[in-house]
Each structure stands twice: as structure tokens, then as C-alpha cells.
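Take a look at the structure set out below.
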Amino acid sequence: MVYLNQLGMICALGDTHAGISRRLFAGDSGVAMTRRHSPERELALGCVDAVLPDIESLPLHHRSRNNQLALAALAQIRPQVDAAIQRFGAHRVAIVLGTSTSGIAQTEAAFRYRRANGGFPADFSYAQQEMASPAAMLAAELGVSGPAYVHSSACASSSKAMASAARLLNMGICDAVLSGGVDSLCAFTVAGFAALESVSAARCNPFSANRNGINIGEGAALFLMTRAEAAVGLRGWGESSDGYHISAPDPSGNGARSAIEQALARAGLAPPQCDYINLHGTATVQNDAMEGRVIAALFGDQVALSSTKPFTGHALGAAGAVEAGLCWLAMQDSNPQGCLPPHLWDGMADAQLPQLNLQPPGARLGRPLRWALSNSFAFGGANASLLLGRE
């Protein structure tokens, strides 16, 4: 059995368990209008405003905002991570992360400098944008020598990283894994999604008849995963790659359904037993339509549902871990009434979609949340689902 022993997380909702939970259950979105990464127009983005760790002591090739976010998440659980290293040995601790941006913000800034000054700044290294950077940086910071690598499969990256971490533990390759994801905002990323005409100018509106695109966000979520018993375990996971289209989901939802069914089967759970589903719920027309049909076919209209992207923005490669983190927080002893992450939208249901049990602010089970499924469906047909279970 694989357990999620500790969580360090920073996102648009905050950088503490208590602060994030308070805003989540109160329906207080972290998405706000800003020109920070789109000077030509205001957009709704899920920005992190917390003070981040100083990185001047890091080697130049590890200095990036992305790595600052990873270090901020690590700082919250550093004593427990250090204790695991001491217990198991540095060679028995792995790091498996997901990212899609890595340090591209530093490259963006360097090219701006070059245009103005004719050359790159002295504090720029091309290696800052390498996808492996966050795992390599954390391995060096912690002094561990177990496997350290990064998944970069768009919005499914960190969910796939956590599935990989579970496999490493189950195979006995390591005894502890620091796993999750990190992604950071920059103008390059915002402009890329805007070019796809998939960015909403206002707060996103998942599963609404009026939905018109995503809000991009940033953040980091790191789990300390071991086989030592804890309140919440990663009881199931599923992955598929349908390769339907570079950016559009397969309308049939076959790949998404396969990932969900694998997660349920690994946990030995029947669909009606699931208490809550954190939907991928990007608020794009095609993705919500596909996911809505799959969820209705597998679970009917009784299982509680919400998309938390209106709270955090879509954190891209970190989204799966951040959303698993929100589920993990909802499953702790501090939430005995099973308060559920609400679904923020305009309430205008899409008549073309099946009826869905979307949760309003204040919704609760009246008992601890035992089973939570979190979906991540990415560009290129990369699909992943994580099933968290409370003992």
C-alpha cells in the first residue's frame, strides 16, 4: 500500500494548509484579474503572491521561479523529508515530478534583455529551462541519490509522476518518494494558450452553457510518499494515451474512461462507492463535454463533483498534484463533516450535457470523505486519474 504521508503546497489559494482549506470551502477563488503576464489586456490568472525562497545560493542553472515554487512547497514538509532520508538512506529516496514550463520564464526574460541590450544577461543559463531541472535541483538540495526525474506530458504530468512514484515504491526500488508537480506563469505560456483561443478573459466557468476557456495558474504540490501507514493513501491510478489530437480531446472519451476504470480497479472500488470526483473541468467547450459524458456513463448523477480550476487556475503540469492536494486536505481529520470543494460557476447548465451533481458552496457529506477521484486529461490524449482513499 502506498500512502501520502505529507503535503507541501503553494498555489493561488495560499501557502498553508489552513489558509488553502479555508478559502476552498468558503468558495473564495484565488483567480484574479491582472495584466502581470499579458500587458496588452487583463486576464483572470491564478497567480502565487507569496514571498518565495531566495535562490541566490543555487547554481545558476537551477535558478528559476519554477524552482522557487518547488522549494516553497518543500519548506513546508522539510523536517519530515529529512527524517525519511535519515531513516531510509539517501540512496533509497526518489524524486519524481511533473512540469510543463520548468524555467522558461527565465528564458523569456533573457530574450527581452537581449533585444534591449544586444546580448544575454550574465545570470541566464539555457539549462534553467530544462524539464529535468526541478527534480535535479531538489535532489541536490536534499542530497538524495535515488531515481530523480520529471514527467512532462502537459496537464497530466504530475498525476503521471505520482503514479510513477507509486510504482517505484511497489517495486521496492525505493522506500520514500518526493512526488508531485510544479509550474509557473509567464507571458510565453499565456500567449501560447491565447493563440489557441482557449483562454477566458474572466474567471473560468466549467460545465456552464456559457463556458469559453481556461484560466492559467501556477503552483507546486509535493507529497512525501511511503509505505508507512497514514490517513490517506494513493489507492488507485490509471493512465492512457489515446493520441486523438494534439490539443483536442477524443469526443468519445475512451482514453479518459480507461484511466478512470484502471484507477477504480486497482483500488477494488465500484463507481457508486466513490464519494467525490475532482473533475479536470477546464471550462473549454470540448473538454467539459467529453468529461461530462464519461462521468455520467460511469457514475450516473449521484456522485458529488466539482472542478477546482476556478479557485487555482489551471496549473498545467502541476494541476494533477495541486488538485490531488485539495482532495488530500478535504480528507484530513480537520474536516470531520466532509466539506466538499465547491463548483464555482454561473449555474447555467449546458443542455447538451448529461445532468451532473455539481456541488454548491457549503456542500458536505456529513461524515469524513473516504474516497476521492482526481482526473487529469492533457493535450495529445495523455490521460491520468488518481484515486485517494482514507483509511
Side-chain angles (χ1 to χ4, degrees), residues 1-5 7 21 24-25 156 159-160 162-163 165-167 169-170 206-207 223 225 227 229-240 253-281 290-308 320-321 323-343 353-360 362-377 383-391:
M1 191 76 70
V2 173
Y3 292 95
L4 304 174
N5 302 88
L7 168 67
S21 297
L24 177 67
F25 297 134
S159 292
K160 286 180 172 288
M162 291 175 66
R167 285 191 289 269
L169 289 165
N170 285 340
F207 293 91
F223 288 95
M225 298 173 58
R227 292 184 290 271
E229 189 170 332
V232 179
L234 180 56
R235 302 292 294 274
W237 61 88
E239 301 174 84
S240 67
N254 287 334
R257 179 168 182 151
S258 173
I260 294 170
E261 289 178 330
Q262 289 174 49
L264 292 168
R266 274 198 170 89
L269 194 72
Q273 293 175 279
C274 192
D275 291 324
Y276 166 71
I277 300 174
N278 187 292
L279 300 162
H280 186 54
M290 176 277 290
E291 188 174 16
R293 286 191 288 267
V294 169
I295 293 298
L298 281 173
F299 297 92
D301 61 0
Q302 297 303 304
V303 176
L305 312 170
S306 71
S307 167
T308 50
E323 290 160 23
L326 298 178
C327 293
W328 187 91
L329 290 172
M331 300 174 82
Q332 298 303 301
D333 291 341
S334 57
N335 185 25
Q337 290 300 307
C339 293
L340 296 172
H343 189 83
L353 298 183
Q355 182 175 337
L356 299 170
N357 189 17
L358 301 170
Q359 298 299 291
R364 61 183 63 196
L365 294 175
R367 59 172 174 78
L369 174 61
R370 187 175 179 203
W371 295 101
L373 179 75
S374 183
N375 290 332
S376 299
F377 306 134
N383 307 297
S385 292
L386 303 176
L387 184 61
L388 279 60
R390 175 186 164 97
E391 292 298 309

Rounded to the nearest 0.5 Å, what separates atom [atom1] in [X] from atom [atom2] in [Y]?
| X | Y | atom1 | atom2 | answer |
| --- | --- | --- | --- | --- |
| L387 | Q262 | CG | CD | 12.5 Å |
| S306 | L340 | OG | CG | 7.5 Å |
| H343 | L358 | NE2 | CG | 4.5 Å |
| E323 | L373 | CD | CG | 11.5 Å |
| I295 | I277 | CD1 | CD1 | 4.0 Å |

Shortest non-hydrogen separation from [X] to [Y] and the atoms involved:
| X | Y | answer |
| --- | --- | --- |
| N383 | G255 | ND2-C, 3.4 Å |
| A324 | L388 | O-CD2, 3.7 Å |
| G281 | P206 | O-CB, 3.6 Å |
| G292 | L356 | O-CD2, 3.9 Å |
| A297 | R257 | CB-NH1, 3.7 Å |
| M290 | A256 | SD-CB, 3.8 Å |

Could you list the residues that satisfy side-chain hydrogen bond (donor to acceptor under 3.5 Å, both in side chains) with [X], not counting sequence neighbours?
| X | value |
| --- | --- |
| S374 | none |
| Q273 | none |
| R167 | S164, E239 |
| S21 | none |

Note to self: Quick one, P354 and R293 - any side-chain contact, counting heavy atoms below 4.5 Å?
What the structure shows: yes

Next item on the list: Report yes if some heavy atom in the side chain of E291 is under 4.5 Å from a heavy atom in the side chain of F377; otherwise report no.
Entry: yes

Check: Taking it one step at a time, do L4 and M162 satisfy side-chain contact (heavy atoms from CB on, under 4.5 Å)?
Finding: CA-CA 10 Å; L4 304 174; M162 291 175 66; 4.1 Å; yes

Side-chain donor-acceptor contacts of residues 362-371 below 3.5 Å, not counting sequence neighbours, with atom names and distances?
from	atom 1	to	atom 2	distance (Å)
R367	NH1	D275	OD2	3.4
R367	NH2	D275	OD1	2.6

Next item on the list: Go through the side-chain N and O atoms of S258 and S240 and say whether any donor and acceptor fall under 3.5 Å apart.
Entry: no

Can you sort out the partners of [X] under side chain to side chain contact (heavy atoms under 4.5 Å, CB included), two or more places apart, ordered by chain and number?
| X | result |
| --- | --- |
| N254 | D250, S252 |
| A166 | V2, M225, L234, W237 |
| N335 | F25, A330, C339 |

Notebook entry, point to check: Counting only N and O atoms by type, is there a donor-acceptor contact under 3.5 Å from the side chain of Q359 to the main-chain atoms of N357?
Noted result: yes

Next item on the list: Start with the C-alpha gap between I260 and F299, add the side-chain angles, then the distance that decides, and say whether side-chain contact (heavy atoms from CB on, under 4.5 Å) holds.
Entry: CA-CA 11 Å; I260 294 170; F299 297 92; 3.9 Å; yes

Checklist line | Residue of the set L7, L24, V232 for which side-chain contact (heavy atoms from CB on, under 4.5 Å) holds with L329 | finding: L7

Check: With sequence neighbours left out, what residues match R266 under salt bridge (Lys or Arg N to Asp or Glu O under 4.0 Å)?
Finding: none

Check: Is the shortest distance from a Lys or Arg side-chain nitrogen in R235 or E391 to a carboxylate oxygen in the other one below 4.0 Å?
Finding: yes

Notebook entry, point to check: Checking side-chain contact (heavy atoms from CB on, under 4.5 Å) for the pair L279/F207: CA distance, chi angles, key distance, verdict?
Noted result: CA-CA 10 Å; L279 300 162; F207 293 91; 3.6 Å; yes

